[in-house]
Amino acid sequence: MADLLPALPAQFRSLQHHLRTAQEHDKRDPVVAYYCRLYAMQTGMKIDSKSPECRKFLSKLMDQLETLKKQLGDCDSITQEIVGSAHLENYALKMFLYADNEDRAGRFHKNMVKSFYTASLLLDTLAVFGELTEENVQHRKYARWKATYIHNCLKNGETPQAGPIGMEGEEYDEDEENEEAEASSYSKQEPSSAYQPPNMPTANYTGIQIPPGAHAPANTPAEVPHSTGVASNAITPPPPQNIPTVDPSLYNATQGDICLTPEDFARAQKFCKYAGSALQYEDVNTAVQNLQKALKLLTTGRE
């Protein structure tokens, strides 16, 4: 962004990572950058909109938002909330899946830790569209805890346990880390021993059909650092996409006497949102499978 922000007021310290994520995405994905700033703006207004330093900061941040909005013009992800929400959620979940795949494969490194944590920040940002679903609340909690757990293991020279495990009461103090080390600065975690992280099959994650070995968005680091203290394998490029076969019965499907509920319509709409967002990443497999699910739901009343 052309206009630099003034120093971050102490009251807004909790927003520093969301703003850093916005900066990281200014060129990679301006839509993500816009919503990260919008989240910081809305949250900052709730924290303190009266003190001089906070008012000055929020004013500059608002200028950045206006500039970015003009640059994006008539982008559907900005002008239509439903498209923007799908774009942001799909982006966050793809980043989560990249980190989750690395975790399950036992490839522990700072890039995957950063991806876990960034995914949790982007799930925070979904709050600009309204209250988070319980599912995304749990995903955010698990991603943030995983980032803390793996980071602490690498820091202490220990090998993390791969895959979903019960969360224990650990806290990560970001003040102990160098703020300039982007992959090493994360927010505090609240202890929680009762929560059992979901067992997430990569082939059917939150309704988004993604083939095994799904890769992260283009901006996600794909090179493993050499100084993690834990041996790790190189990340291989994703295999060519196998386009799923379309069920022939869907070509001539009609609704007939099927009575759809408002929840059915909402679910079908969500599948279509995911399909549209997947196409932004040229993820044809995901798009086709979600469109098939939407069509089947609308014509049979069942998923």
Side-chain angles (χ1 to χ4, degrees), residues 15 17-19 21-22 24-26 28-46 61 64-66 68-98 115 117-144 198 200 204-210 214 216-220 262-283 286-291 293-294 297-298 303:
L15 302 176
H17 300 293
H18 299 88
L19 292 169
T21 300
E24 292 171 350
H25 286 80
D26 276 332
R28 298 169 182 172
D29 192 321
V31 170
V32 171
Y34 174 82
Y35 283 117
C36 286
R37 286 188 173 88
L38 182 59
Y39 172 82
M41 180 73 188
Q42 292 181 352
T43 306
M45 292 287 289
K46 296 176 183 177
L61 181 56
Q64 283 194 352
L65 280 168
E66 289 301 319
L68 187 53
K69 193 171 185 178
K70 289 179 181 178
Q71 291 174 351
L72 292 171
D74 295 329
C75 175
D76 288 343
S77 293
I78 300 299
T79 60
Q80 300 180 39
E81 282 195 0
I82 193 170
V83 179
S85 175
H87 180 102
L88 193 60
E89 184 175 20
N90 198 46
Y91 189 98
L93 294 179
K94 277 182 174 288
M95 184 166 284
F96 183 105
L97 282 171
Y98 163 77
S115 293
Y117 189 69
T118 301
S120 77
L121 295 176
L122 295 179
L123 290 171
D124 280 342
T125 305
L126 283 172
V128 302
F129 302 106
E131 187 176 355
L132 268 62
T133 65
E134 181 60 28
E135 194 172 35
N136 279 337
V137 169
Q138 298 301 333
H139 297 160
R140 177 183 62 183
K141 188 174 184 179
Y142 179 69
R144 195 161 293 173
M200 298 156 291
N204 184 15
Y205 186 74
T206 64
I208 305 177
Q209 295 293 330
I210 299 180
N219 67 290
T220 303
E263 289 76 16
D264 291 331
F265 285 112
R267 188 69 173 163
Q269 188 179 50
K270 194 168 187 178
F271 286 138
C272 291
K273 285 196 303 178
Y274 286 141
S277 186
L279 290 176
Q280 294 180 340
Y281 297 106
E282 300 179 1
D283 190 348
T286 299
V288 170
Q289 292 190 13
N290 276 283
L291 288 172
K293 293 180 74 172
L297 176 60
L298 293 174
E303 292 186 23

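One-based numbering along the sequence shown. Small disclaimer: the values here were computed from a predicted structure and weren't measured. All values below come from the heavy atoms of this structure, side chains included, with hydrogens, waters and symmetry mates left out.
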One pair to check against side chain to side chain contact (heavy atoms under 4.5 Å, CB included): Thr133 and Val137. What are the steps and the verdict? CA-CA 6 Å; Thr133 65; Val137 169; over 6 Å; no

If I take atom NE2 from residue His18 and atom CG from residue Leu121, how far apart are they, to the nearest 0.5 angstrom? 4.5 Å

When rounded to the nearest 0.5 angstrom, what is the spacing between CD in Gln64 and OH in Tyr34? 12.5 Å

Just one of Leu15, Leu65, Val128 clears the side-chain contact (heavy atoms from CB on, under 4.5 Å) bar with Met41, so which one? Leu65

Say you draw a straight line from OH of Tyr98 to OG1 of Thr118; how long is it, rounded to the nearest 0.5 Å? 11.0 Å

Could you walk me through whether Phe96 and Leu122 pass the side chain to side chain contact (heavy atoms under 4.5 Å, CB included) test, one step at a time? CA-CA 10 Å; Phe96 183 105; Leu122 295 179; over 6 Å; no

Enter the distance from Glu81:CD to Asp76:CG here, rounded to the nearest 0.5 Å. 13.5 Å

Thr286 backbone acceptor or donor facing Asn290 side chain under 3.5 Å: yes

Grab the two heavy atoms, one from Phe129 and one from Gly84, that are nearest each other, plus how far apart they are. CZ-C, 3.6 Å

Side chains of Ile78 and His87: does their closest heavy-atom pair fall under 4.5 Å? no

State, to 0.1 Å, how close Ala33 and Leu68 come at their nearest heavy-atom pair, and which atoms those are. C-CD2, 4.1 Å

Is there side-chain contact between Cys36 and Val32, with at least one heavy-atom pair below 4.5 Å? yes

Correct closest heavy-atom pair for Leu291 and Cys272 would be CD2-SG, 4.4 Å

When you compare the side chain of Leu88 with that of Val31, does any pair of heavy atoms fall below 4.5 Å? no

What about the rings of His17 and Tyr117, do their centers lie closer together than 6.0 Å? yes

CG of Leu123 to NZ of Lys141, rounded to nearest 0.5 Å, is 14.0 Å

What I'd like to find out is whether the side chain of Thr43 reaches to under 4.5 Å of the side chain of Asp124, using heavy atoms alone. no

Report the C-alpha distance between Tyr39 and Leu126 in whole Å, list the side-chain angles of each, state the deciding distance to 0.1 Å, and finish with yes or no for side chain to side chain contact (heavy atoms under 4.5 Å, CB included). CA-CA 8 Å; Tyr39 172 82; Leu126 283 172; over 6 Å; no

Are side-chain heavy atoms of Cys75 and Val83 found at a separation under 4.5 Å? no

How many angstroms lie between CG in Leu297 and CD in Gln269, if you round to the nearest 0.5 Å? 12.0 Å

